Amino acid sequence: MSETETSTVLSILRERFDAILDGWISTQSDEGVQRTDLFSHKEGREQTSSLLRAMITGIAEGDTGSRFDLSSEPWTELRTVLVDVTQERSARGVSPSDMASFVLALKGPIFFQLQELLADQAGELVEEIFFISRVIDAFAVYCTEVFIAERDRIIEQQRDQMQELSTPVVELWDKVLTLPLIGTMDSARAQEVMENLLETILQRQSEVVIVDLTGVQTVDTQVAQHMLRMASAVRLMGAECIISGISPTIAQTMVQLGVDVGEVTTRSTIRTGLADALNRVGYEIVHKAKQ
Amino acid sequence: MSAASAIYFVEGVLLVAIQEDISDTDILDLQEALAERIVRDSARAVVMDINALEIVDTFVGRILAQLASVSKLLDAQTYVVGMRPAVAMTLVELGMDLPESKTALSLSHALQDLRGKPLA
């Protein structure tokens, strides 16, 4: 056991564990961060007491003084418990500020206990309060970090999913590919879509590509630029590009923006685009009855 | 002529194969040799296979464009074939989309186009 600046706190936590635990829980409930709507009293109590036990281990073995470092070895157990509790709570919809208040609610009961014990030793009282306060603050900050990391992970995951969803290149017929664009196009997405498309042209030896804009809500200069670049790259690869699904509104916007599509073929619907594409590779769609 | 590129004359068409490690001097030599050959063989087209080319810069892009323009002046249509996706994207980024040359997926696609028949 290392020398500790918070020895009184440690003894309080050990000897008056239940009193502190009750105090912590009632402070949580006073501050309205107990969230009994999301957790039963039992669960809340279990989480709180496991935190408190891990904290005792941390204080007993770790350094709480000037060299306090939450990321050091003795605090491993506490960090694990904090991560578990935070993830559990965030999954059930507890906000980061509620989570921080939940941890910070521990200060009250500890301070009162300290005050009782060290009533006549003002110097020591201040010192203990100062150090333990810093430790508990670090817990709260750590919880917030866990929260943010969790959110980042979700955002990352959703972005990946969106990327996957947003770049399907479909082979409609021999030598005919289609790329239905959906949603908004930013530079990163445009790049990804283009790479995907060109690779597929190479693999399938496709001669015609239909880029369908039916699912694109708005076209601005940037989107138009990306489309034209894509068309140029497709041409350089040796295939042809047809842009379909240009709605009347989009056509007007493009003209107003002064976008010149140059030699790129444009079609109003994917239907006419497909007929044109099949025609170029030597197929024709014929109605059976009219044969 | 260096070993970094080779010119063949087939069916009135000059076939040019560019190697992966073509240097700036090689490509300048190629430009000169190609112009000579177009006139000497009275070629009707030039098909340039750049499939081996993995990296392009503005210099190579400019020479490719110049080759097409020179051929056009000498009455030969240029085809650039077998371009890799990364090369296509780079050329577009650089704003060099080779307006003077036709493009095709592969050598055989270009030859089919020259024979005026769709590929079976």
Side-chain angles (χ1 to χ4, degrees), chain A residues 167 169 171 173-177 179 185 187-209 211 222-241 243 260-265 276-284, chain B residues 15-18 45-58 60-65 67-68 77-120:
Chain A
T167 57
V169 180
E171 188 172 37
W173 205 260
D174 283 352
K175 304 171 202 165
V176 181
L177 290 183
L179 176 73
M185 292 279 281
S187 300
R189 250 196 83 192
Q191 184 72 14
E192 167 116 7
V193 169
M194 200 201 286
E195 266 171 45
N196 217 330
L197 178 64
L198 299 188
E199 283 298 336
T200 318
I201 291 176
L202 188 67
Q203 273 170 28
R204 310 274 173 147
Q205 293 285 296
S206 311
E207 291 175 14
V208 186
V209 175
V211 178
Q222 206 194 6
V223 175
Q225 202 67 31
H226 288 315
M227 273 169 3
L228 296 180
R229 279 183 176 183
M230 211 181 301
S232 289
V234 167
R235 190 191 80 90
L236 282 176
M237 292 276 300
E240 286 175 85
C241 188
I243 298 180
D260 180 16
V261 295
E263 286 174 23
V264 182
T265 316
D276 192 26
L278 287 175
N279 196 16
R280 289 188 199 196
V281 293
Y283 293 100
E284 198 183 351
Chain B
L15 306 180
V16 184
I18 292 179
V46 175
V47 179
M48 238 182 310
D49 189 349
I50 60 164
N51 191 251
L53 215 59
E54 281 180 29
I55 305 163
V56 279
D57 51 16
T58 43
V60 176
R62 192 162 57 86
I63 297 293
L64 285 178
L67 279 172
Q77 172 65 53
T78 310
Y79 285 79
V80 173
V81 306
M83 191 183 292
R84 288 168 184 247
V87 172
M89 279 191 282
T90 313
L91 285 180
V92 171
E93 273 321 302
L94 296 173
M96 309 178 126
D97 48 7
L98 311 178
E100 301 280 6
S101 36
K102 284 197 173 189
T103 52
L105 287 169
S106 68
L107 196 59
S108 50
H109 284 86
L111 289 177
Q112 288 291 347
D113 192 59
L114 279 165
R115 288 170 190 147
K117 286 179 272 181
L119 202 66

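Per chain, numbering begins at 1; letters A, B, ... match sequence-line order. Just so it is clear, the structure is predicted and the values come from calculations on it, not from any experiment.
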At what distance, to the nearest 0.5 angstrom, does [atom1] of [X] lie from [atom2] of [Y]?
X: Leu179(A); Y: Met194(A); atom1: CG; atom2: CE; value: 11.0 Å
X: Ile201(A); Y: Cys241(A); atom1: CD1; atom2: SG; value: 8.0 Å
X: Thr103(B); Y: Arg235(A); atom1: OG1; atom2: CZ; value: 5.0 Å
X: Trp173(A); Y: Leu278(A); atom1: CH2; atom2: CG; value: 7.5 Å

**Message:** Does Arg204(A), at its CZ atom, have more than 12 non-hydrogen atoms belonging to other residues, nucleotides or ligands within less than 6.0 Å?
**Reply:**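 No - once you tally the heavy atoms of other residues, nucleotides and ligands closer than 6.0 Å, there are 12 at most.
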**Asked** Should we count CD of Glu263(A) as having more than 12 external heavy atoms under 6.0 Å?
**Response**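 No, not enclosed.
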**Exam field: side chain Ser206(A) to backbone Val176(A), donor-acceptor pair closer than 3.5 Å** =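 No, because the side chain of Ser206(A) does not come within donor-acceptor range (under 3.5 Å) of the backbone of Val176(A).
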Within a strict 4.5 Å, meaning less than it, do heavy atoms of the [X] and [Y] side chains meet?
X: Lys102(B); Y: Gln77(B); answer: yes
X: Val234(A); Y: Met237(A); answer: no
X: Asp174(A); Y: Tyr283(A); answer: yes
X: Glu240(A); Y: Glu207(A); answer: no
X: Asn196(A); Y: Val193(A); answer: no

**Message:** What part of Glu195(A) gets within 4.5 angstrom of chain B, counting heavy atoms only: side chain, backbone, both, or neither?
**Reply:**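 Both backbone and side chain.
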**Prompt:** Quick one: side chain to side chain contact (heavy atoms under 4.5 Å, CB included) partners of Asp276(A), sequence neighbours excluded?
**Reply:**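 If we apply the side chain to side chain contact (heavy atoms under 4.5 Å, CB included) test to Asp276(A), skipping adjacent residues, the hits are Ile242(A), Thr265(A), Arg267(A), Arg280(A).
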**Prompt:** Ala239(A), Gly238(A), Ala233(A): which one forms the most heavy-atom pairs within less than 4.5 Å of chain B?
**Reply:**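 Option with the greatest count: Gly238(A).
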Can you name the residues of [range] that have some heavy atom under 4.5 Å away from a heavy atom in chain A?
range: residues 93-100 of chain B; value: Glu93(B), Met96(B), Asp97(B), Leu98(B), Pro99(B)
range: residues 83-91 of chain B; value: Met83(B), Arg84(B), Pro85(B), Ala88(B), Met89(B), Leu91(B)
range: residues 46-57 of chain B; value: none

**Prompt:** Between Val208(A) and Ala277(A), what is the shortest heavy-atom contact and its length?
**Reply:**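 Shortest heavy-atom contact: CG1-CB, 3.6 Å.
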